[in-house]
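Order of listing sets the numbers, starting from 1, for every ligand and every atom in it. Quick note: numbers below take in every heavy atom, side chains included, and nothing from hydrogens, waters or symmetry partners.
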Amino acid sequence: TSGSASTLQDYAKDKLSKQMVELFEECQQQACDLTRKETCRSRLQRDIQSVFPVARLYLTGSSMSGLGCRSSDADLCLVLRGSTQGSPDPIHILTVLQAFFRPLGYLEKIQLIRAKVPILRFREKGSGLEFDLNVNNTVGIRNTFLLRSYAYADLRVKPIILAVKKWARHHQINDASKGTLSSYTLVLMVLHYLQTLGEPVLPSLQKDYPECFNPSMEIDMIPEGPRHIPPYKSQNKSSLGDLLQGFLKYYSSTFRWDTQVISVREGKALPKNKSAEWRNKYICVEEPFERNNVARAVHEQMKFNTIKSKFAAVTPLLLTRDALTSRCVSLDLV
Ligand code: ATP
Ligand code: MG
């Protein structure tokens, strides 16, 4: 119908919005980037199956959700089924894999990282492509396809999230291993903001299509689950720049860090109850399937204060540098 916005340009009439479109077009993952990741995934799966015949390897994270940049790593989930009773010790599996990967010849810089979810981090020789491989952390497959559904529900989601990731990286608040925010937490924070606007840009997909995101769905069915969800028809016509500024403003003055929990599952902020999951936590962001806190890495008052100060700062000029192209892109936030 006449007057209805239907391309990204319709949301980008002002300078900041135009810059966001430019940043997005320059940095978003290209089809060839995904092909390279997929080729390496399938080669790895074939090789791993010579040690663990039942193993399956799934590409997850931003590479798969559509929220990645050209420089994003590739997250992999190794699913071991048919294993003996109980779940296999991931550290043990990753140690076996590490020894197995070394002589293969096409991987380098292989290191075991003993985090809460342990991972094997390595690079593909030549391309320099970085991989993070976990064992049986299948919630990552479920939430990747939930994020993917949000990424395609409205045209504005991808460019806003990319700008927020760049903004957070520029301000050094995007590193869970250093006590700040993981990319995953930032994405949920953006989705929550877009769900809770007076005129929402996004619905709660888990509420509207529960059967597509059933937490006990068979792993192989997950990618198919949300395939037929139609784009959400939002009445909100705000520009990209207004939404980016609104996001910063929401977290600097509207959202109550001390009493509220971000729930993308419910599509709203929930009151903090007294459960151990939320008690004494600076930032509470609910994992949409496991319902635990994805922002638990933020456990120092100082880091929390830094994060809040970045949201509150009125930064007239914000420089981000794309890791791949090394080209400076400036975003004017006034
Ligand atoms: P980037 O483009 O910066 O790599 P990303 O979207 O891949 O961002 P990460 O924070 O690297 O985000 O997380 C990768 C994936 O791992 C997420 O998409 C999600 O599937 C999963 N994940 C990360 N943190 C958690 C968590 N706390 N609980 C459950 N799943 C998580
Ligand atoms: Mg990633």
Side-chain angles (χ1 to χ4, degrees), residues 23-24 27-30 33-34 36-37 40-41 57-79 90 113 115-123 129-151 157-191 206 213 215 219 222-223 226 261-265 277-278 281 283-299 320 322-324:
L23 179 73
F24 174 61
C27 302
Q28 75 160 321
Q29 178 177 266
Q30 303 292 305
D33 303 327
L34 181 58
R36 192 184 313 122
K37 289 171 180 176
C40 197
R41 182 210 63 82
L57 205 51
Y58 295 83
L59 200 51
T60 67
S62 63
S63 322
M64 209 51 210
S65 64
L67 298 171
C69 356
R70 301 210 64 185
S71 56
S72 290
D73 66 354
D75 300 288
L76 293 170
C77 175
L78 179 69
V79 179
I113 298 173
K116 178 151 191 221
V117 175
I119 54 170
L120 203 56
R121 179 167 289 167
F122 51 89
R123 285 175 187 276
L129 192 57
E130 187 172 88
F131 289 88
D132 276 355
L133 183 154
N134 71 64
V135 179
N136 286 341
N137 189 39
T138 51
V139 66
I141 305 175
R142 294 185 201 286
N143 61 35
T144 291
F145 282 91
L146 177 67
L147 262 43
R148 185 181 167 87
S149 306
Y150 280 115
V157 175
K158 290 203 233 178
I160 292 166
I161 287 178
L162 199 127
V164 168
K165 279 190 186 178
K166 294 282 174 191
W167 165 83
R169 190 147 311 171
H170 175 76
H171 288 286
Q172 297 177 303
I173 56 166
N174 178 17
D175 191 344
S177 72
K178 296 201 173 85
T180 58
L181 304 164
S182 68
S183 293
Y184 184 51
T185 303
L186 282 163
V187 171
L188 292 174
M189 287 171 68
V190 175
L191 298 180
Q206 283 168 289
F213 304 102
I219 304 283
I222 294 172
V261 176
I262 292 169
S263 174
V264 168
R265 177 181 59 87
E277 202 58 54
W278 314 122
K281 301 297 189 299
I283 302 185
C284 296
V285 181
E286 182 195 68
E287 207 297 315
F289 293 93
E290 295 192 324
R291 306 192 189 181
N292 53 6
N293 189 8
V294 304
R296 59 183 171 262
V298 185
H299 55 80
T320 60
D322 181 59
L324 262 192

Find all atoms of ligand 1 within a distance of less than 4.0 Å from any non-hydrogen atom belonging to R169, and give their numbers and elements.
3 (O)
Could you go through T144 and Y58, starting from their C-alpha distance and side-chain angles, then the distance that decides it, and tell me whether this counts as side chain to side chain contact (heavy atoms under 4.5 Å, CB included)?
CA-CA 11 Å; T144 291; Y58 295 83; over 6 Å; no
Proximity to ligand 1 by part of K165, non-hydrogen separation under 4.0 Å:
side chain
Please determine whether side chain to side chain contact (heavy atoms under 4.5 Å, CB included) holds for the pair L147 and L191, giving the CA-CA distance in whole Å, both sets of side-chain angles, and the decisive distance to 0.1 Å.
CA-CA 9 Å; L147 262 43; L191 298 180; 4.2 Å; yes
Could you tell me whether the side chain of K165 and the main chain of L67 form a donor-acceptor pair under 3.5 Å?
yes
Atom 25 (C) of ligand 1 has as its nearest protein heavy atom Y184 CD2, 3.4 Å
Going by heavy-atom distance to atom 2 (O) of ligand 1, choose the closest among S62, C77, S63, A297.
S62
What residue and atom, counting heavy atoms only, is the protein's closest point to atom 14 (C) of ligand 1, and at what distance?
D75 OD2, 3.5 Å
Is the shortest distance from atom 5 (P) of ligand 1 to a protein heavy atom below 4.0 Å?
yes
For atom 19 (C) of ligand 1, which candidate among V117, N143, L162 holds the nearest heavy atom?
N143
Per-atom contacts, ligand 1 versus G140 - under 4.0 Å to a heavy atom
20 (O)
Within the 4.0 Å heavy-atom shell around S72, which atoms of ligand 1 are there?
2 (O)
Looking at atom 12 (O) of ligand 1, what's its closest protein heavy atom, distance included?
S183 CB, 3.4 Å
For N/O/S atoms only: which one belongs to D75 and is nearest the Mg ion (ligand 2)?
OD2
By number and element, which atoms of ligand 1 are closer than 4.0 Å to a non-hydrogen atom of G61?
7 (O), 14 (C), 15 (C), 18 (O)
Would you confirm whether N293, through its side chain, and V285, through its main-chain N or O, come within 3.5 Å as a donor-acceptor pair?
yes
Indicate, as side chain, backbone, both or neither, the part of M64 found under 4.0 angstrom from ligand 1 when only non-hydrogen atoms are considered.
neither
Could you tell me whether the side chain of R41 and the main chain of L57 form a donor-acceptor pair under 3.5 Å?
yes
Relative to ligand 1, is T60 under 4.0 angstrom through side chain, backbone, both or neither, heavy atoms considered?
neither
Could you tell me whether a side-chain N or O of R148 sits under 3.5 Å from a main-chain N or O of M64, the two making a donor and an acceptor?
yes
Close-contact set for ligand 1 against E287 heavy atoms, below 4.0 Å:
28 (N), 29 (C)
Should F131 and L120 be marked as a side chain to side chain contact (heavy atoms under 4.5 Å, CB included) after you check the CA-CA gap, both sets of side-chain angles, and the distance that decides it?
CA-CA 8 Å; F131 289 88; L120 203 56; over 6 Å; no
A student checking ligand 1 against D73 at a 4.0 Å heavy-atom cut-off should list atoms 4 (O)
Is there a side chain to side chain contact (heavy atoms under 4.5 Å, CB included) between L181 and I283? Walk through the geometry before answering.
CA-CA 9 Å; L181 304 164; I283 302 185; 3.9 Å; yes
Could you check whether atom CD of Q172 has more than 12 heavy atoms from other residues, nucleotides or ligands sitting under 6.0 Å from it?
no
With the Mg ion (ligand 2) as the reference point, give the N/O/S atom of D73 that is nearest.
OD1
Assess D132: does it contribute an N, O or S atom lying under 2.8 Å from the Mg ion (ligand 2)?
no
List ligand 1 atoms under 4.0 Å from V294, heavy atoms only on the residue side.
27 (N)
To the nearest 0.5 Å, atom CZ of R169 lies from atom OG1 of T180 at 10.0 Å
Under 4.0 Å from one or more heavy atoms of T144, ligand 1 contributes atoms 18 (O), 20 (O)
Quick one, Y184 and N143 - any side-chain contact, counting heavy atoms below 4.5 Å?
yes
For the side chain of S63 and the backbone of L34, is there at least one donor-acceptor N/O pair under 3.5 Å apart?
no
